[in-house]
Amino acid sequence: MHGPSIQAAIVASATLMAGIGVLLAVLGDTDWHVVVAALGWVVAVGAWLHARRHGRLEPFIPHRSPVSLLAPTDRRDLRRQLRGVDAPTPRSVEMVDAIVRWQRRTSAATLPSLIGLALVLLGNPRPLVPVLVLATSVLLVVLMALERRRWARVQRLVAAVRSEQPAQT
């Protein structure tokens, strides 16, 4: 991958927020904030290093998607198939399966960096920030659960289409 990654952007944000949080915590004499912010920064940087080492960095500005080459009606049909509204066709089953697997990998690769950023923000000595982080975390967990259900539904539809296809020799 060339260019910046999502994880690198999160690490940059975490570094900036940790620096501000540590400065505010030191000035306000609240030591536990320093520990939480530092822990969050370590988690974010560690997640970025792990993703980089294993080739799992996600592009910050994605390249042009192959899906953009499809006709508008084909894109609409593909989006409906990716949401699990329609079953994939034998013609689109491989693309639907590949996109869903890519979405799962992307989510798994960026989640550790987001956790590190959340820890950095929790270390902020302002009382409203931890409440906002908690609310955002709850929303993120709910959205992840919904996405997992959708991915599972689409994977079942993909398996059903593949089981109906005659074996190719």
Side-chain angles (χ1 to χ4, degrees), residues 1 3-25 28 30-65 67-68 75-76 78-86 88 95-159:
M1 188 201 79
S5 67
I6 291 172
Q7 292 97 329
I10 292 171
V11 166
S13 299
T15 301
L16 178 67
M17 297 307 286
I20 292 170
V22 166
L23 179 64
L24 290 173
T30 51
D31 297 332
W32 73 271
H33 291 99
V34 175
V35 173
V36 172
L39 176 66
W41 183 82
V42 168
V43 169
V45 171
W48 172 71
L49 289 171
H50 183 268
R52 190 174 125 200
R53 187 176 309 123
H54 294 287
R56 305 265 323 258
L57 290 175
E58 297 299 327
F60 188 67
I61 302 172
H63 299 288
R64 188 168 175 204
S65 168
V67 175
S68 66
R75 280 196 305 268
R76 185 191 69 235
L78 181 64
R79 279 193 304 271
R80 290 180 59 82
Q81 293 166 9
L82 288 170
R83 287 193 312 261
V85 175
D86 295 338
M95 182 180 290
V96 169
D97 185 41
I99 291 172
V100 168
R101 284 187 285 117
W102 174 79
Q103 289 173 338
R104 290 179 98 145
R105 267 194 323 273
T106 299
S107 294
T110 56
L111 188 60
S113 295
L114 287 173
I115 290 169
L117 180 58
L119 286 171
V120 166
L121 292 173
L122 281 174
N124 191 313
R126 305 278 190 242
L128 187 58
V129 173
V131 172
L132 291 174
V133 170
L134 181 62
T136 304
S137 299
V138 168
L139 177 64
L140 187 62
V141 167
V142 169
L143 290 175
M144 285 177 52
L146 292 173
E147 280 297 292
R148 284 187 179 275
R149 287 182 59 206
R150 182 186 63 82
W151 291 331
R153 182 174 60 245
V154 171
Q155 290 291 294
R156 284 192 303 273
L157 291 170
V158 165

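Not measured: the values here are computed from a predicted model.
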Return the set of residues passing side chain to side chain contact (heavy atoms under 4.5 Å, CB included) with [X] (not counting sequence neighbours), or none when no residue passes.
| X | answer |
| --- | --- |
| Val42 | none |
| Val158 | Pro88, Val93, Val96, Asp97, Val154, Arg162 |
| Gln103 | Ile99, Val100, Arg150, Trp151 |

Can you list everything that forms a salt bridge (charged side-chain N to carboxylate O under 4.0 Å, His left out) with Arg76? Sequence neighbours excluded, please.
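For Arg76, no residue satisfies salt bridge (charged side-chain N to carboxylate O under 4.0 Å, His left out) once neighbours in sequence are set aside.
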Can you tell me how far CZ of Arg104 sits from CD of Glu147, rounded to the nearest 0.5 angstrom?
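Glu147 atom CD to Arg104 atom CZ measures 10.5 Å (nearest 0.5 Å).
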Rounded at 0.5 Å granularity, tell me how far CE in Met144 sits from CG in Leu139.
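The CE atom of Met144 sits 11.5 Å away from the CG atom of Leu139.
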Holding to side chain to side chain donor-acceptor pair (under 3.5 Å), I want the full list of residues that pass it with Arg75, two or more places apart in sequence or in another chain.
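Side chain to side chain donor-acceptor pair (under 3.5 Å) list for Arg75, sorted by chain: empty.
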Heavy-atom distance under 4.5 Å between the side chains of Arg153 and Arg156, does that happen here?
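Yes; the side chains approach each other to less than 4.5 Å.
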